[in-house]
Amino acid sequence: MRRRRHRNRSPLAVGMVALAIILVAVFLGFTKDIPFTHGFRVKATFESANSLRLNSPVRIAGVAVGKVKKVEAKEGTNQAVVTLELKKAGLPIHEDATAKIRPRIFLEGNFFVDLQPGTPSSPKLSDGDVIKVTRTATPVQLDEVLTALQSDTRQDLRDVLDGLAQGLSSKPSAADDRNADPSARGQTAAESFNDAYKDSPGALKGTAQVNEALLGTEPDRDVARLLSGTAKTTGALIRHETQLKDLITNFNTTMAAFASEEGNLRTSIRLLAPTLVNANAALASLNRAFPPTRAFARDILPGVRETPATIEASFPWIDQARKLMSQPELRGLAEDAAPATRDLARLTNASLTLLPQIDRTALCARDTVLPTGDLVIHDQFDTHTENYKEFWWTMVGLSGESQNFDGNGSMVRFAPGGGSQAVALGSAGSPTGQLIGAASARVQGVQPKYPGKRPPYVSSVRCNKSKIPDVNGSWAAVGPGENAP
């Protein structure tokens, strides 16, 4: 058999291959990543990330789920953008996730990123999304604490303490005492605080009762619900940072409005003490009203239990009422009655002018006409009877005088005659002037007597406001008639 001849390999090629293998091994050893591949990455914006380093761990509930891949400055700001690479064990990450930079234990050194993945109900973040700066936090460094107490800050703190001491120990002026409560006049603020401690036992007792009531009837479940509700509220505030910003702006505006009304606010606070006294009395009355209220609630329970059955029983009536209100029934009747309703409305509107006149007529009859008819006239023809009866008696007499005497119809017949007594009859529209008549007897006069002129008629005075005439007074006597000779 023919043997194959082995071609000698070049030492340069063997060295290049060995060098490439060594470089790949060193790269993988230091980076621990396969080139051109990476895990799930999300970015987080921090106010400061100078305490983080590359490959700093990322932990969820104390378990390492990734590492820091990049730390870079955010353009145009002092903030830092940190790229976090997470393993599958740390997924998913939601939009309400939070990230905090925390110090590691003393032996570990450096810092790590404490990541909270968010609530499952919130949408998930995609690869490359950013956690906003409002959902991140950085640890407070010692140099930041010391920097906060610079010379200006220390001087401001000293001024605040001096002002507080002066406000607590200075005596009030006469103007201050004039506007203060009588029990606090002449006292310093510190003395007033000491007096307030006397009322502290009662106030603290009430506060303790309120706090005990806030514990609820089931402390374990109530606390859990409180924490759950607080978490939801905090998450909502984080998700709606724009609305939160508007809330803070509006709060500043509200506080500025309070500051502009400083005088009125001071007056309101001064009146708060008597208001609280009245409120205590009102609350005591309310507390006394609770037992009857509880009894009423117990008594009404049977009626409440019967309410579903009552509602169920009302359904047939409602069904019939629907049919009654349909177009063939009442709705059609309403359309047919619409013209009459319009006419009735016009009649009602016109009656608004008639009814006051009817009312005045009724008042006139009640207050003037009827009382006058009930009077008895005492004269030579006295019948000791109300004059309205005499009026109807006269009507009966005239009816008798007007009986039919012949075929010419109803008439009243008088027998005129002459005499030696002249009687002035007035002009009566005669073109010749005064009319004179003759009577067989002398005219005795008229009753009531003629006042010399016609009584005035005052239309501005209502009939029911007029005085009832005195039918037996001086003007009711016999007197000469009009145009007496």
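Position 1 is the first residue of the sequence; numbering continues from there.
- Residues Val130 and Thr45 are in side-chain contact: their nearest non-hydrogen atoms beyond the backbone lie under 4.5 Å apart.
- The distance from the NZ atom of Lys132 to the CD atom of Glu95 is 8.5 Å, given to the nearest 0.5 Å.
- In this structure the side chain of Arg135 never reaches within 4.5 angstrom of the side chain of Gln116, judged on heavy atoms.
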For a quick test of your reading: what N or O donor-acceptor pairs under 3.5 Å do the side chains of residues 243-253 make, sequence neighbours left out?
residue : atom : partner : partner atom : Å
Thr249  : OG1  : Lys245  : O            : 3.0
Asn250  : ND2  : Asp246  : O            : 3.1
Asn252  : ND2  : Ile248  : O            : 3.4
Thr253  : OG1  : Thr249  : O            : 3.1

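- Note: Leu363 CG to Thr368 OG1 = 9.0 Å, rounded to the nearest 0.5 Å.
- The minimum heavy-atom distance linking Pro316 with Ala313 is given by the pair CD-O, 3.1 Å.
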Worksheet entry | side-chain contact (heavy atoms from CB on, under 4.5 Å) assessment of Leu84 paired with Val68 | CA-CA 5 Å; Leu84 310 176; Val68 175; 3.9 Å; yes
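- Checked against side-chain contact (heavy atoms from CB on, under 4.5 Å), Trp317 has the following partners two or more places apart in sequence or in another chain: Ala321.
- Here the shortest heavy-atom pairing between Val42 and Asp129 reads CG2-O, 3.1 Å.
- Pairs engaging residues 244-275 under the disulfide bond (SG atoms under 2.5 Å apart) rule: none recorded [sequence neighbours left out].
- With sequence neighbours excluded, no residue forms a side-chain hydrogen bond (donor to acceptor under 3.5 Å, both in side chains) with Arg294.
- Annotation: salt bridge (charged side-chain N to carboxylate O under 4.0 Å, His left out) contacts involving residues 306-326, sequence neighbours excluded, comprise Asp319-Lys323.
- Asn264 meets the side-chain hydrogen bond (donor to acceptor under 3.5 Å, both in side chains) test with Glu261; sequence neighbours excluded.
- Side-chain contact check for Phe46 versus Val133: every heavy-atom pair is 4.5 Å or farther apart.
- In this structure, CZ in Phe111 is found 15.5 Å from NZ in Lys100, a value given to the nearest 0.5 Å.
- The side chain to side chain donor-acceptor pair (under 3.5 Å) analysis of residues 349-365, with sequence neighbours excluded, yields no pairs.
- Summarising the geometry of Pro92 relative to Pro117, their closest heavy-atom pair is O-CB, 3.7 Å, with the distance given to 0.1 Å.
- Without hydrogens or angle criteria, His94 side chain to Ser122 main chain gives a donor-acceptor distance under 3.5 Å.
- Considering NZ of Lys87 and NZ of Lys67, their distance stands at 8.5 Å, rounded to 0.5 Å.
- More than 12 heavy atoms of other residues, nucleotides or ligands lie within 6.0 Å of CD in Gln327, so this atom counts as buried by the packing criterion.
- Taking 4.5 Å as the limit, some side-chain heavy atom of Ile93 sits within range of a side-chain heavy atom of Leu115.
- Thr138 contributes atom OG1, which lies 10.5 Å from atom CD of Gln79 (distance to the nearest 0.5 angstrom).
- Residues Thr98 and Thr136 fail the side-chain proximity criterion, which asks for heavy atoms closer than 4.5 Å.
- Heavy-atom contacts from other residues, nucleotides or ligands closer than 6.0 Å to NZ of Lys171 number more than 12.
- With contacts defined as side-chain heavy-atom distances shorter than 4.5 Å, the pair Asp382/Val376 qualifies.
- Taking the side chain as every heavy atom from C-beta outward, Leu283 and Asn287 never approach each other to under 4.5 Å.
- Contact detail for Leu91 and Phe40: the closest heavy-atom pair is CD2-CD2, 3.4 Å.
- With rounding to the nearest 0.5 Å, the separation of CG in Leu125 from NZ in Lys43 is 13.5 Å.
- Residues Thr275 and Leu271 approach most closely at OG1-O, 2.7 Å, considering heavy atoms.
- A donor-acceptor pair under 3.5 Å links the side-chain atoms of Gln447 to the main chain of Ala476, judged by distance alone.
- Residue pairs meeting the salt bridge (charged side-chain N to carboxylate O under 4.0 Å, His left out) criterion with at least one partner in residues 70-80, sequence neighbours excluded, are absent.
- Here salt bridge (charged side-chain N to carboxylate O under 4.0 Å, His left out) pairs that include residues 110-122, with residues two or more places apart or in two chains, are Arg102-Asp114.
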Which pairs would a plain distance check flag for residues 388-395, meaning a side-chain donor or acceptor within less than 3.5 Å of a matching protein atom at least two apart in sequence or in another chain?
residue : atom : partner : partner atom : Å
Glu390  : OE2  : Thr383  : OG1          : 2.4
Thr394  : OG1  : Glu390  : O            : 2.9

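- Residue pairs meeting the salt bridge (charged side-chain N to carboxylate O under 4.0 Å, His left out) criterion with at least one member in residues 340-356, sequence neighbours excluded, are Asp343-Arg346.
- Side-chain atoms of Arg53 and Ser56 include no donor-acceptor pair closer than 3.5 Å.
- With contacts defined as side-chain heavy-atom distances shorter than 4.5 Å, the pair Val113/Leu52 qualifies.
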Would you mind writing out the side-chain donor-acceptor pairs for residues 457-470 within the sub-3.5 Å range, not counting sequence neighbours?
residue : atom : partner : partner atom : Å
Ser466  : OG   : Arg462  : O            : 3.3
Asp470  : OD1  : Asn472  : N            : 3.4
Asp470  : OD1  : Gly473  : N            : 3.4

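- Side-chain N or O atoms of Asn78 include none that pairs as donor or acceptor with a backbone N or O of Ser48 at under 3.5 Å.
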Discussion item. Let's go through Thr188 and Glu191 carefully: what are the C-alpha distance in whole Å and the side-chain angles of both, what is the deciding distance for side-chain contact (heavy atoms from CB on, under 4.5 Å) to 0.1 Å, and is it a yes or a no?
Written reply: CA-CA 5 Å; Thr188 63; Glu191 292 172 343; 3.3 Å; yes
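- Judged purely by atom type and a 3.5 angstrom limit, Asp127 uses its side chain to pair as donor or acceptor with the backbone of Arg41.
- Nearest approach of Val304 to Pro308, heavy atoms of both residues: O-CD, 3.4 Å.
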